[in-house]
Number of protein chains: 2
Amino acid sequence: MAKAYERIADNLRQRISAGELSPGDRLPAETTLVEEYAKSLPTIRQALGVLQAEGLIEKLHGRGNFVRRPRTPVLRTNLRHQWEKDRARDPASERAQTGATEHDTGLELGDLVFHAAYHEVAAEPEIAKALGVPVGTALVERIYRTRYRVEPAPFTLVRSYLVRDMVAANPDLLDESKEPYPGGTQSQLFTIGIELDRIEELVTARPPTVEEAEELATPAGSAVIVLRKTSYDTDDRPVEHSEVILPGDRTEMLYTTHLDRW
Amino acid sequence: MAKAYERIADNLRQRISAGELSPGDRLPAETTLVEEYAKSLPTIRQALGVLQAEGLIEKLHGRGNFVRRPRTPVLRTNLRHQWEKDRARDPASERAQTGATEHDTGLELGDLVFHAAYHEVAAEPEIAKALGVPVGTALVERIYRTRYRVEPAPFTLVRSYLVRDMVAANPDLLDESKEPYPGGTQSQLFTIGIELDRIEELVTARPPTVEEAEELATPAGSAVIVLRKTSYDTDDRPVEHSEVILPGDRTEMLYTTHLDRW
DNA sequence: GAGTGGTCTAGACCACTGT
DNA sequence: CAGTGGTCTAGACCACTCC
């Protein structure tokens with residue numbers, strides 16, 4: 001005999017995909033489901049927990065269980081890097097029009113709210129390795145949050161690292177009040193004579209930590225994309241490394257790989 | 001007052017990160033934890049459920065709760081596409097040495113077990129759109145499973161689509177017994193005169209469905225990467241589309257973007 | 001067979017949301 | 001205040017693993 005909570009979850013899943021329950025709809029109250037399925041409340045709740053873990057429903061305390069709406073995703077293209085490079089040498093006044101994220105998402109500058117904070121930190125092993133410096137090297141850590149003006153939660157958490165002694169030639173790069181958004185890191189690096197040759201992005205996915213779930217307002221039962229980006233200059237030297245956390249249900253990343261002709 | 005199950009989860013999390021409990025270790029039995037924390041069994045189990053959802057512990061029925069070992073990831077590089085293209089015109093005897101996955105992972109051909117199944121299907125809306133054909137167009141659906149010989153579960157689930165009338169010029173492409181692994185789709189397309197220009201990969205992440213969790217032997221409390229790949233030929237025509245499911249805890253994807261010089 | 005986690009019950013009380 | 005989900009208890013019985 002199949003487990004009761006699985007049968008209930010299957011049945012509800014079917015009712016959802018059959019359209020009997022549409023995105024945004026409220027499910028019957030848990031006490032109602034207790035009667036419908038003639039099972040105890042904890043069993044019903046276990047079934048609902050399965051659907052929540054699959055990202056199919058959302059539990060709202062005091063209101064009910066709701067069929068989740070598919071999120072409108074934020075698109076992030078690897079074309080953004082070339083686009084940003086093309087503009088890196090433009091005067092700040094031109095760059096002020098739009099940033100790479102607006103370029104990706106097709107939004108206006110005012111639609112997004114951006115926040116930056118700079119700190120000086122000692123290199124952790126993982127970051128030291130990515131930047132090719134000894135553990136403990138002084139780094140500039142820059143923490144970014146970007147969100148839609150109309151939404152409370154950011155859609156990216158970014159921690160970006162530069163080697164302090166490498167970028168100290170331009171004191172503005174150590175000062176968060178001089179953060180040049182929009183326009184980005186490539187124009188900052190240009191001010192100290194660095195041109196980028198390529199960008200490597202290492203992509204993984206995992207469930208969010210409690211802190212990430214909180215900051216991104218991610219419903220329990222979803223995943224985050226972890227993107228570790230390293231930028232190399234024309235001398236093949238890593239000059240910037242960042243770790244980007246993106247909510248899996250709101251993010252699409254598009255990578256285009258061009259192939260040499262025969 | 002903080003919730004009991006959160007306090008217990010926090011405490012256990014701390015004991016793990018402090019090294020008191022190392023990866024692979026068994027946690028105290030649930031009944032033991034009941035005494036240690038002076039809470040009921042369901043409360044203890046709820047706390048353990050939190051840690052499981054974070055991917056921190058693994059529950060093994062009849063054996064115990066274990067601190068999860070970090071997985072050794074499978075690396076997948078976008079360089080594989082160029083590498084595959086370079087070999088697409090080689091004779092089958094040469095291609096038989098290694099495939100793109102072995103190239104990425106540094107393995108020998110014998111280390112991997114590969115399985116393919118072909119069907120003819122009508123195009124679903126999403127796939128029709130990606131291939132630029134009307135919904136319902138006859139397609140060749142090819143389902144692939146790849147796993148390590150020593151592991152029971154595959155590390156990729158692939159559904160790949162070709163337009164039947166486009167590839168029918170070579171009947172071998174409709175016949176799963178002629179599946180040319182290793183060597184891949186690009187050499188198959190070469191036999192019907194198609195050269196690829198670029199590959200677009202759209203990456204998202206989400207919790208696994210029950211079927212995916214089962215097939216990939218993914219522990220509950222993890223994420224899958226969904227990769228939708230579309231290959232375009234030199235006439236800018238989409239010629240192949242596939243949907244790849246990768247376990248987030250075992251997969252790293254590396255994308256390199258080269259930038260034009262100033 | 002001893003020890004472990006998995007499923008399920010019946011019911012109490014708390015916390016949040018909306019009217 | 002009524003209705004909803006969230007937390008927690010105490011205990012029974014089942015299923016799996018390993019000796």
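Chain letters run A, B, ... following the sequence lines, proteins first, then strands; residues in each count from 1. Heavy-atom basis, side chains included; hydrogens, waters and symmetry copies ignored.
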Q) Would you say the side-chain atoms of A/Tyr161 and A/Arg159 include a donor-acceptor pair closer than 3.5 Å? A) yes

Q | Short side-chain donor-acceptor distance under 3.5 Å, A/Arg142 and A/Ser242 | A | no

Could you state the [atom1]-[atom2] distance from [X] to [N], rounded to the nearest angstrom?
X       : N      : atom1 : atom2 : answer
B/Ile44 : D/dA10 : CD1   : C1'   : 14 Å
B/Leu27 : C/dT4  : CG    : C1'   : 13 Å
B/Lys59 : D/dC16 : NZ    : P     : 16 Å
A/Leu48 : D/dT4  : CG    : P     : 14 Å
B/Glu30 : D/dA10 : CD    : P     : 17 Å
B/Ile57 : C/dG5  : CD1   : C1'   : 11 Å

Q. For the side chain of B/Glu54 and the backbone of B/Leu51, is there at least one donor-acceptor N/O pair under 3.5 Å apart?
A. no

Selected nucleotide, minimal atom distance to [X] side chain, candidates [options]:
X       : options             : result
B/Gln46 : D/dT4, C/dT7, D/dC8 : D/dC8
A/Lys39 : C/dC8, C/dT4, C/dG5 : C/dC8
B/Tyr5  : D/dT9, D/dT7, C/dC8 : D/dT7
A/Ala29 : C/dT7, D/dG6, D/dT4 : D/dT4

Q | For B/Ser160, the option from B/Glu141, B/His241, B/Glu240 that meets side-chain hydrogen bond (donor to acceptor under 3.5 Å, both in side chains) | A | B/Glu240

Any [X] side-chain heavy atom under 4.5 Å of [Y] side chain:
X        : Y        : answer
B/Thr146 : B/Pro154 : no
B/Val203 : B/Val226 : no
A/Asp10  : A/Arg13  : yes
A/Asn65  : A/Leu60  : no
A/Leu139 : A/Glu120 : no

**Q.** salt bridge (Lys or Arg N to Asp or Glu O under 4.0 Å) against A/Glu252, all qualifying residues, sequence neighbours excluded
**A.** none

**Q.** A/Arg147: salt bridge (Lys or Arg N to Asp or Glu O under 4.0 Å) partners, not counting sequence neighbours
**A.** none

Q. The helix from C/dG1-D/dC18 to C/dG18-D/dC1: angle between its terminal axes, five pairs each, to 10°?
A. 20°

Strictly under 3.5 Å: I want the nitrogen or oxygen pairs between protein and nucleotides 11-17 of chain C, one per line.
from	atom 1	to	atom 2	distance (Å)
C/dA15	N3	A/His61	NE2	3.1

Q | N or O in side chain of A/Arg45 less than 4.0 angstrom from D/dG5 OP1/OP2 | A | no

Q: Would you indicate, yes or no, if C/dG5 has its OP1 or OP2 atom less than 4.0 angstrom from a side-chain nitrogen or oxygen of B/Asn65?
A: yes

Q: Within residues 31-38 of chain B, find the residues that approach DNA chain D with a heavy atom at under 4.0 Å, and present them sorted by residue number.
A: none

Q | Residue list, ring pair (Phe, Tyr, Trp, His ring centres under 6.0 Å) with A/Tyr118, at least two apart or on another chain | A | none

